[in-house]
Every structure is written in C-alpha cells, then in structure tokens.
Amino acid sequence: MTDTTIKKVEAKSSPVGEMGQKYLAPGKSVSLRLWEAEPRGETMLATRREYETVGYVIDGRAALHLEGQLIQLAPGNSWLVPKGTEHRYRILEPFTAVEATAPPAQVHGRDR
C-alpha cells in the first residue's frame with residue numbers, strides 16, 4: 001500500500017527542540033530541521049548521534065570538527081555527518097542552516 005501522507009509545516013510555528021532547532025517536515029524515514037540565526041559561540045561538546053545528518057548552509061559560518069577533520073562551513077556549502085561519528089560544531093558567525101536527519105532526529109530521544 002502506498003503512503004499518501006501529506007504534511008506542510010510552517011517554520012514560524014514549528015516546534016523548537018532543546019538545542020534551539022526548529023523541527024520542520026517529519027517523515028517516517030527522514031526529517032527536516034532548521035537552525036536559524038544560531039549565535040556565535042564556544043565549540044560544543046563532541047557527540048555521536050544515532051542518525052545520519054546532511055545539511056545546507058543558508059547564512060553565516062561554522063566550523064565542523066568531524067572525526068579529527070576540520071570542515072569550514074559557509075553559505076552554499078553542504079555537509080554530511082555519518083551516523084555514529086564523533087563531531088562538534090563551533091558557530092563562527094550567526095548561522096542559519098537546514099538539515100535532514102535519517103532516521104528522524106526528534107523520534108525516540110535521538111536528539112538528546
């Protein structure tokens with residue numbers, strides 16, 4: 001049977017997660033979230049997540065430390081954080097980006 005679910009999510013009224021992310025359209029296998037004007041700050045603690053993340057920078061700059069590599073992120077860049085890899089971000093200037101996570105980050109406490 002084909003899944004015919006249709007969802008539309010308005011960013012201005014979407015739920016906000018504990019880290020400040022806005023949860024956008026969720027699917028069964030993938031979900032979308034928005035980081036909007038995240039402030040410049042200290043490097044976050046390294047973490048490993050039980051989901052894969054791909055992202056796209058809309059505005060601002062950040063440094064992504066991923067398994068010993070340093071990746072500079074700027075507008076127009078996209079990135080991948082494979083499931084289970086150690087990583088951390090440092091926001092260098094107010095940062096806006098959209099990310100897709102698979103499986104959905106907000107399900108079963110994966111975002112904690």
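We number each residue from 1, following the sequence as shown.
Taking CE from Met44 and NE2 from His87, the interatomic distance works out to 9.5 Å, rounded to the nearest 0.5 Å. With rounding to the nearest 0.5 angstrom, the NZ atom of Lys83 is 12.0 Å from the OG1 atom of Thr101. Atom-to-atom distance recorded for Tyr89:OH and Leu66:CG is 8.0 Å, nearest 0.5 angstrom. Rounding to the nearest 0.5 angstrom, the gap separating the CZ atom in Arg90 from the CG atom in Leu70 is 10.0 Å. Considering CD1 of Ile91 and CZ of Arg40, their distance stands at 11.0 Å, rounded to 0.5 Å.
Comment: Lys12 does not engage Glu36 in a salt bridge, judged by the lack of any side-chain N to carboxylate O separation of less than 4.0 angstrom.
In this structure, the side chain of Thr96 does not engage the main chain of Ile58 through any donor-acceptor pair within 3.5 Å. Between the side chain of Arg33 and the backbone N or O of Tyr23, no donor-acceptor pair lies under 3.5 Å. Checking side-chain atoms of Gln21 against main-chain N and O of Met19 turns up a donor-acceptor pair under 3.5 Å.
Transitive grouping of hydrophobic side chains (ILVMFWY, heavy atoms separated by less than 4.5 Å) keeps Tyr56 and Leu64 in distinct clusters.
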**Request:** For Glu99 and Leu32, run side-chain contact (heavy atoms from CB on, under 4.5 Å): C-alpha distance rounded to whole Å, both residues' side-chain angles, the deciding distance at 0.1 Å, then the answer.
**Result:** CA-CA 6 Å; Glu99 290 182 330; Leu32 200 59; over 6 Å; no

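Taking every heavy atom of both residues into account, Glu86 and Ala46 meet most closely at CG-CB, 3.7 Å.
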